[in-house]
Amino acid sequence: MHLKIITHDRVVFDEDVDEIYSKGVDGEFGILKGHVPFMSALDIGITKVVQSGKTKLFTTMGGVFQFKNDEGLILTQCAECGDEIDEVRARDAMERAKARLAEHSASVDAKRAEAALARAMVRLKATMNNK
Ligand code: ATP
């Protein structure tokens with residue numbers, strides 16, 4: 001089966017895979033060859049693929065997953081392969097978001113800070129697992 005991960009700017013991944021795991025808004029799911037047609041809105045999370053026993057991790061920041069006729073498609077705002085993530089930048093973003101949330105000030109957009117924190121945390125998770 002095949003998986004394509006596409007953002008506004010680029011094709012992040014376009015290869016044959018044996019297994020796909022991702023995080024939908026209703027929970028995590030896994031897909032193997034022959035799965036019935038399936039569609040899910042994606043959460044901010046990790047998409048994991050297995051190719052000949054080897055695992056690759058991607059961040060997928062929302063969007064939609066579709067699977068039909070052994071073709072998987074992820075359309076997402078933003079996605080990165082684990083090994084292209086700048087760990088220091090993600091750590092800085094996490095600290096910034098945490099500090100904003102700790103302020104409890106009316107000038108802080110809490111939803112925005114929470115989303116930034118979630119993005120930073122999945123980026124860090126993706127880099128850890130790739131080491
Ligand atoms: P930052 O505050 O560090 O910009 P952010 O969560 O606001 O983080 P996004 O808006 O999600 O960043 O992403 C903007 C662009 O920067 C995207 O193309 C994304 O792939 C890239 N990007 C963000 N953080 C990283 C990172 N840690 N490593 C590599 N690319 C990143």
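Both ligands and their constituent atoms are indexed starting at 1 by order of listing.
The nearest protein atom to atom 6 (O) of ligand 1, hydrogens excluded, is given as Arg119 NE, 2.7 Å; this is a heavy-atom distance. Nearest protein heavy-atom contact of atom 2 (O) of ligand 1 is Arg96 NH2, 2.7 Å. At the shortest separation from atom 27 (N) of ligand 1 among protein heavy atoms lies Asp86 O, 2.9 Å. Nearest protein heavy-atom contact of atom 13 (O) of ligand 1 is Arg123 NH2, 3.7 Å. For atom 19 (C) of ligand 1, the closest non-hydrogen atom on the protein side is Glu80 OE2, 3.1 Å.
Close approach to Cys78 involves these atoms of ligand 1, each under 4.0 Å from a residue heavy atom: 17 (C), 19 (C), 20 (O). Near Ile85, with a cut-off below 4.0 Å to any heavy atom, the atoms of ligand 1 are 27 (N), 28 (N), 29 (C).
Looking at Ala90 against ligand 1, both its backbone and its side chain come within 4.0 Å, counting heavy atoms.
Considering each of His8, Arg89, Arg10, the one bringing a non-hydrogen atom nearest atom 14 (C) of ligand 1 is Arg89.
Not a single heavy atom of Met61 sits under 4.0 Å from any atom of ligand 1. Residue contacts with ligand 1: Glu84 is included, with a non-hydrogen atom under 4.0 Å away.
Put simply, the side chain of Glu28 never gets that close to the backbone of Tyr21: no donor and acceptor are under 3.5 Å apart. A donor-acceptor contact shorter than 3.5 Å is absent between the side chain of Thr47 and the backbone of Ser22. Judged by distance alone, the side chain of Asp14 and the main-chain N or O of Lys4 form no donor-acceptor pair under 3.5 Å.
In this structure, Arg91 pairs ionically with Glu87, as a charged nitrogen and a carboxylate oxygen lie closer than 4.0 Å. A salt bridge does not link Lys54 to Glu15: none of the charged nitrogens lies less than 4.0 Å from a carboxylate oxygen.
Summarising the geometry, atom CG belonging to Leu3 is positioned 7.5 Å from atom CZ belonging to Phe58; distances are rounded to the nearest 0.5 Å. Here the NE2 atom belonging to His2 is positioned 9.5 Å from the CD1 atom belonging to Ile20, to the nearest 0.5 angstrom.
Under the 4.5 Å side-chain heavy-atom criterion for Ile, Leu, Val, Met, Phe, Trp and Tyr, Ile46 and Ile85 are members of distinct hydrophobic clusters.
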